[in-house]
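The block underneath contains the structure these notes are about, expressed in C-alpha cells.
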Amino acid sequence: MNEVNRTLYIPLYGKALVSRRNMILEDPDAERIWAAEGFAMHGKAKSVWLAYNMAMRARVFDDWTDEMLRQHPDALVLHIGCGLDSRFRRVRQPYVSWYDCDLEDVIRVRREYWDENDRYHMTALDASDPAQISQLPERPAVIVIMEGLSMYLTNPQVHDLLSALHRKYAEMHVLMDVYTRFGADASKFKNPIHDVGASRVYGISDINALISGTGIRLKMEHSFTPEFLINELRPSEQRLFRLMFVNRMYGKIYRLFELEG
C-alpha cells in the first residue's frame, strides 16, 4: 500500500484494541484483521489515548449511520475511504444497499476478509476523481460516510467530490471529519500518520465557504468524544483523556460536520 493507504492501520489498531478490552466499540473483525495485517506501531500511532479517540470517532459514525438508516431505510449507504473498517457489520439497522469504496489496493485487501452479497458491495473508487461518482448506483437518497478522508484531499477535491455526489443524488446526508487549516499546519510537527509513512494533510478553514455553490448545507457539528463514551474509560483515565481531547484547542484542530442536500 502507498503511504496514505497505510494510515488506515491507525484506526484499525484503535478499534481492535478497544474491542479486545470490551469498551466503546465491539469489533471482532478489527481484532481478526489486525492480528493478520498489523505491524509494530511506533510513536504516537501506538498511543492508547489515540486508540480511544479513534474508537470513539468510529462509534460516533456508527451511531449516526444507524440514525440515518432509521430515518431513511431505503437510502443507499456509501462509505468513501472505507479502509479496512467493518461498519457495514457493526451497524444495527438493516440497509438495502451498502457500497464500501476505496482505492483499488485497499479493496483488494478487503476482499480477503469479506464477501459481497445482494446488499453489500465493494468497489474501487478514487475520491480525488469526481468523474468516478458516475459509476455508483442510482438511488433517490444517499447516506455518505467520509471518515478520515477529507484531510488527504485538497479543498477543491473535497468540493468537487461533494458537488458530484449532490448532482447524482436528489437527497444526500453526509458525515465528514476534517482538519482545520491550523490543524493541518500543526500536524507537520507531530502527527501519528508520520509513524506509518504519510507526510501531507490538508485543512478546511471554513466549511461553509468550501460547500458554497454545491447545493449542500451545513446541518450541525458533532462531538468526537461524547460524555457517555468517555465514561466507558477507567475512572483513572477519564480526566487525562478529557484534558487531551475535550478542550478548546482540540476543536481548533479537528472538527466533525454533518452536511445535507
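Model, not experiment: these values are computed from the prediction. Just so you know, residue 1 is the first one in the sequence shown, and it goes up from there.
Aromatic rings of Trp64 and Phe61 (six-membered ring for Trp) have centroids beyond the 6.0 Å cut-off, not under it.
Interatomic distance, CZ of Arg21 versus CG of Leu233, reported as 10.0 Å (0.5 Å rounding). Atom CZ of residue Arg32 and atom CG of residue Leu84 lie 10.5 Å apart, to the nearest 0.5 angstrom. One distance of note links CZ of Arg57 with CG of Leu25; it measures 11.5 Å at 0.5 Å rounding.
Residues Asp66 and Arg70 are not paired through a salt bridge, judged by the lack of any N-O separation under 4.0 Å between the basic side chain and the carboxylate. Contact check on Arg242 versus Glu227 returns a salt bridge, with a Lys/Arg side-chain nitrogen under 4.0 Å from an Asp/Glu carboxylate oxygen.
One side chain, Gln132 or Asp129, offers a donor N or O that lies under 3.5 Å from an acceptor on the other. The closest side-chain donor-acceptor pair between His173 and Glu258, if any, does not fall under 3.5 angstrom.
Using bins of under 30°, 30° to 60° and over 60° for the plane-to-plane angle, the ring pair Trp49/Tyr52 lands in the perpendicular bin.
In this structure, Asp62 contributes its side chain and Val91 its backbone to no donor-acceptor pair below 3.5 Å. Proximity of a side-chain donor or acceptor of Asp100 to a complementary backbone N or O of Cys82 within less than 3.5 Å is not detected. Checking side-chain atoms of Glu232 against main-chain N and O of Ile24 turns up a donor-acceptor pair under 3.5 Å. Between the side chain of Arg255 and the main chain of Met176, no donor-acceptor pair closer than 3.5 Å is present.
A continuous path of ILVMFWY side-chain contacts below 4.5 Å connects Met146 to Ile216, so both sit in one hydrophobic cluster.
Under the side-chain contact (heavy atoms from CB on, under 4.5 Å) criterion, Asn208 pairs with Asp206, Ile211, Leu218, sequence neighbours left out. The side-chain hydrogen bond (donor to acceptor under 3.5 Å, both in side chains) search around Glu26 returns none, not counting sequence neighbours. Looking at residues two or more places apart in sequence or on another chain, you find a side-chain contact (heavy atoms from CB on, under 4.5 Å) between Ala141 and Ala75, Glu171.
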**Request:** Go through the steps for Tyr254 and Asp177 under the test side-chain hydrogen bond (donor to acceptor under 3.5 Å, both in side chains), then give the verdict.
**Result:** CA-CA 7 Å; Tyr254 198 31; Asp177 57 327; 2.6 Å; yes

**Request:** Apply salt bridge (charged side-chain N to carboxylate O under 4.0 Å, His left out) to Arg90 and Asp29, showing your working.
**Result:** CA-CA 9 Å; Arg90 293 197 308 266; Asp29 286 314; over 6 Å; no

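Arg239 CZ: 12 or fewer foreign heavy atoms inside a 6.0 Å radius.
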